[in-house]
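Data first, discussion second: the structure below is written as structure tokens.
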There are 2 protein chains.
Amino acid sequence: MTVSATIDHLKNLKNKILSYTEVDEDLLNHWLGYYKRIDVKKGDTLISPGQMVEHFYYVAKGCIYYYKLEEGEQKVLEFYTEDIFFTDLPAYVKETPSDYYLKASENTVVYAILKTDGENSFKKSHQLERFGRLSMQEAFMKIFTRVERLSNRTNEERYLRLLEKRPDLLQRVPQYLIASYLGLTPVGLSKIRKRISISQ
Amino acid sequence: MTVSATIDHLKNLKNKILSYTEVDEDLLNHWLGYYKRIDVKKGDTLISPGQMVEHFYYVAKGCIYYYKLEEGEQKVLEFYTEDIFFTDLPAYVKETPSDYYLKASENTVVYAILKTDGENSFKKSHQLERFGRLSMQEAFMKIFTRVERLSNRTNEERYLRLLEKRPDLLQRVPQYLIASYLGLTPVGLSKIRKRISISQ
DNA sequence: TTATTTTATTAAACTGGTTTAATAAGTTTC
DNA sequence: GAAACTTATTAAACCAGTTTAATAAAATAA
């Protein structure tokens, strides 16, 4: 059961990589060989502040949220769900201790590749280097839309936009994390929800 | 005069590229050969909404600001100054018309390389592909710190942080653009400045 | 140098959020 | 299935920003 799930996960990961650029079959299989599976239980933490971040991750199943504690407050930056790559990129790139948490909001399966294995492969293979560039570009685009959303729009519009774009999130993640993601208090979000429900 | 300035600019660009990764001399010179110089006068526009974005740019001298019109309001996302790469990445990547302006806030010199020339070179050279990946990674890191700043901190803290990190900006760019960058009205920023000057 | 235009400040009324605290509803756990 | 805990809503007082409009200061053009 777990093994057949793993096979499925790796097949998805393979397709994900191929969606960026062509990679020769053996090279890709060799790359996949570096990944190790990590099961993260609901509420468990993958990375905490002070830790070094040595892996790049892929979510096969579940949801990891990325947040920081700011004067005791959770500030959620992003939610990572099925079929996406993530890590704490600042700590990963600079090789300094993390300032963030990466925590599972539900039972989650991720696959992790060591930075050293990844970088060595990039150095050896142009195809993999290209995959690296294009996936980094995608990460940029994703965070860019976040900046756009944050700097434009009202809180209400941003909430409605989130409802539309990622309706699953509001089912699977507690509302106070959504509030934090939108830069609000739970009370503030509740007021917005009320305002919306009245005006319809 | 202009020619010797151009030689200086290209030398800086060369060093900038080499700061990311090793690139063979001829390859690098070939790459540099693709760039064309563009002089942008204060207030002139490099890109406007509706235009396609076919170039990746490098600022040799001056300042370009990146903004959007939102219900008639300028919303500034970033300022690009000496020795940095920029473009309207969403439009550049997706090859769709831009939603943004790129405008010079002072007389500015940029160098531009065509996307097709860049991509072809990436395809042919592993070294250049690597440069592409690492510069994209740096762009990610830069925008990430912006998200951090936007989602954490109060407006006052964010203003003080900007003062500290980029003191040049407040000299060379009008205050209402700084206000927009911080997500404030000019009036709001003025109040914050007053509050700060009183409390000291 | 003066005239014109652009940029920055101030004031006053307003608004969408915050904080704190109490209550209600939903989930876990045993 | 009751007890304990977590999450969401509501209310009231408060506050950091907004809008609009008037004025002052600075930069640019003639």
Side-chain angles (χ1 to χ4, degrees), chain A residues 41-45 63 65 67 70-76 79 101 103-107 149-163 169-200, chain B residues 41-45 62-63 65 67 69-76 79 101 103-107 149-163 169-200:
Chain A
K41 284 238 175 64
K42 176 174 178 174
D44 278 3
T45 298
C63 179
Y65 63 105
Y67 72 98
E70 189 90 4
E71 290 151 34
E73 301 276 312
Q74 280 186 334
K75 297 276 187 176
V76 175
F79 299 98
Y101 292 87
K103 187 182 274 193
S105 70
E106 56 192 82
N107 292 332
R149 268 181 281 142
L150 274 176
S151 43
N152 307 324
R153 310 287 168 195
T154 64
N155 289 324
E156 180 169 328
E157 283 173 300
R158 270 159 45 211
Y159 171 66
L160 288 169
R161 173 90 61 106
L162 187 66
L163 264 183
L169 268 191
L170 291 116
Q171 306 311 317
R172 65 201 293 185
V173 160
Q175 199 169 296
Y176 66 86
L177 290 183
I178 306 285
S180 169
Y181 178 74
L182 294 170
L184 296 170
T185 59
V187 177
L189 178 53
S190 183
K191 276 177 127 180
I192 287 170
R193 283 162 56 82
K194 178 151 206 207
R195 209 154 62 213
I196 290 165
S197 73
I198 287 168
S199 73
Q200 279 170 356
Chain B
K41 284 239 176 61
K42 177 173 177 173
D44 278 3
T45 298
C63 180
Y65 62 105
Y67 72 96
L69 242 45
E70 189 91 3
E71 289 151 33
E73 300 277 312
Q74 279 187 334
K75 298 276 187 176
V76 175
F79 299 98
Y101 293 86
K103 187 181 274 191
S105 69
E106 55 193 83
N107 292 333
R149 269 181 282 142
L150 273 177
S151 42
N152 305 324
R153 311 285 167 194
T154 64
N155 289 323
E156 180 170 327
E157 284 174 300
R158 270 160 44 211
Y159 172 67
L160 288 169
R161 174 88 60 106
L162 187 66
L163 263 183
L169 268 190
L170 291 115
Q171 306 312 316
R172 66 201 292 186
V173 161
Q175 197 169 298
Y176 66 86
L177 289 182
I178 305 285
S180 169
Y181 179 72
L182 294 169
L184 295 170
T185 59
V187 177
L189 178 52
S190 183
K191 277 177 127 183
I192 287 170
R193 282 161 58 81
K194 177 151 206 206
R195 209 155 62 213
I196 290 165
S197 73
I198 287 170
S199 74
Q200 279 171 358

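Within every chain, numbering begins at 1; the chains are lettered A, B, ... in the order of the sequence lines, protein sequences first and strands thereafter.
Minimum atom distance to the side chain of B/Pro174 is reached by C/dT7, of the listed C/dT9, D/dG17, C/dT7. Comparing atom distances between the A/Tyr176 side chain and each of C/dT19, D/dT7, D/dT28 picks out D/dT7 as nearest. With D/dT7, C/dT10, D/dT10 as the choices, the nucleotide that has an atom nearest any side-chain atom of A/Val187 turns out to be D/dT10.
Under 4.0 angstrom from either OP1 or OP2 of D/dT18 there lies at least one side-chain N or O belonging to B/Thr185. Considering only side-chain N and O atoms, A/Asn155 lies under 4.0 angstrom from the phosphate OP1 or OP2 of C/dG17. Considering only side-chain N and O atoms, B/Arg193 lies under 4.0 angstrom from the phosphate OP1 or OP2 of C/dT9. Between B/Lys42 and the phosphate of D/dT28, there is a side-chain N or O to OP1/OP2 separation shorter than 4.0 Å. Taking 4.0 angstrom as the limit, A/Gln175 places none of its side-chain polar atoms (N or O) nearer than this to OP1 or OP2 of D/dT6. At the phosphate of C/dG17, OP1 or OP2 sits under 4.0 Å from a side-chain N or O atom of A/Arg195.
The side-chain heavy atoms of A/Leu169 and A/Tyr181, taken from C-beta on, include no pair separated by under 4.5 Å. Side-chain contact check for A/Phe79 versus A/Leu177: some heavy-atom pair is nearer than 4.5 Å. Looking only at side-chain heavy atoms (C-beta outward), A/Gln74 and A/Tyr101 stay at 4.5 Å or farther from each other. Looking at B/Val76 and B/Val173, their side chains never come closer than 4.5 Å, going by heavy atoms from C-beta outward.
Atom-to-atom, CD of A/Gln171 to C1' of C/dT27 comes out at 16 Å; the value is rounded to the nearest Å. The distance between atom CZ of B/Arg172 and atom P of D/dA26, rounded to the nearest whole Å, is 22 Å. Between A/Glu156 atom CD and C/dG16 atom P the separation is 9 Å, expressed in whole Å. B/Leu189 places its CG atom 16 Å from the C1' atom of D/dT19, with the value rounded to the nearest Å. The distance from atom CD1 of A/Ile192 to atom C1' of D/dT10 is 15 Å, rounded to the nearest whole Å. One atom, NZ of A/Lys191, and another, C1' of C/dT20, lie 13 Å apart when rounded to the nearest Å. For the pair B/Leu170 CG and C/dA8 P, the interatomic distance rounds to 10 Å; values are reported in whole Å. Between the P atom of C/dT28 and the NZ atom of A/Lys41 lies a distance of 15 Å, rounded to the nearest Å.
Taking NZ of A/Lys42 as the reference point, atom CG of A/Asp44 lies at 11.5 Å (rounded to 0.5 Å).
DNA chain C is contacted by both A/Leu184 and B/Lys194; B/Lys194 maps to the nucleotide lying nearer its 5′ end (nearest heavy atom per residue).
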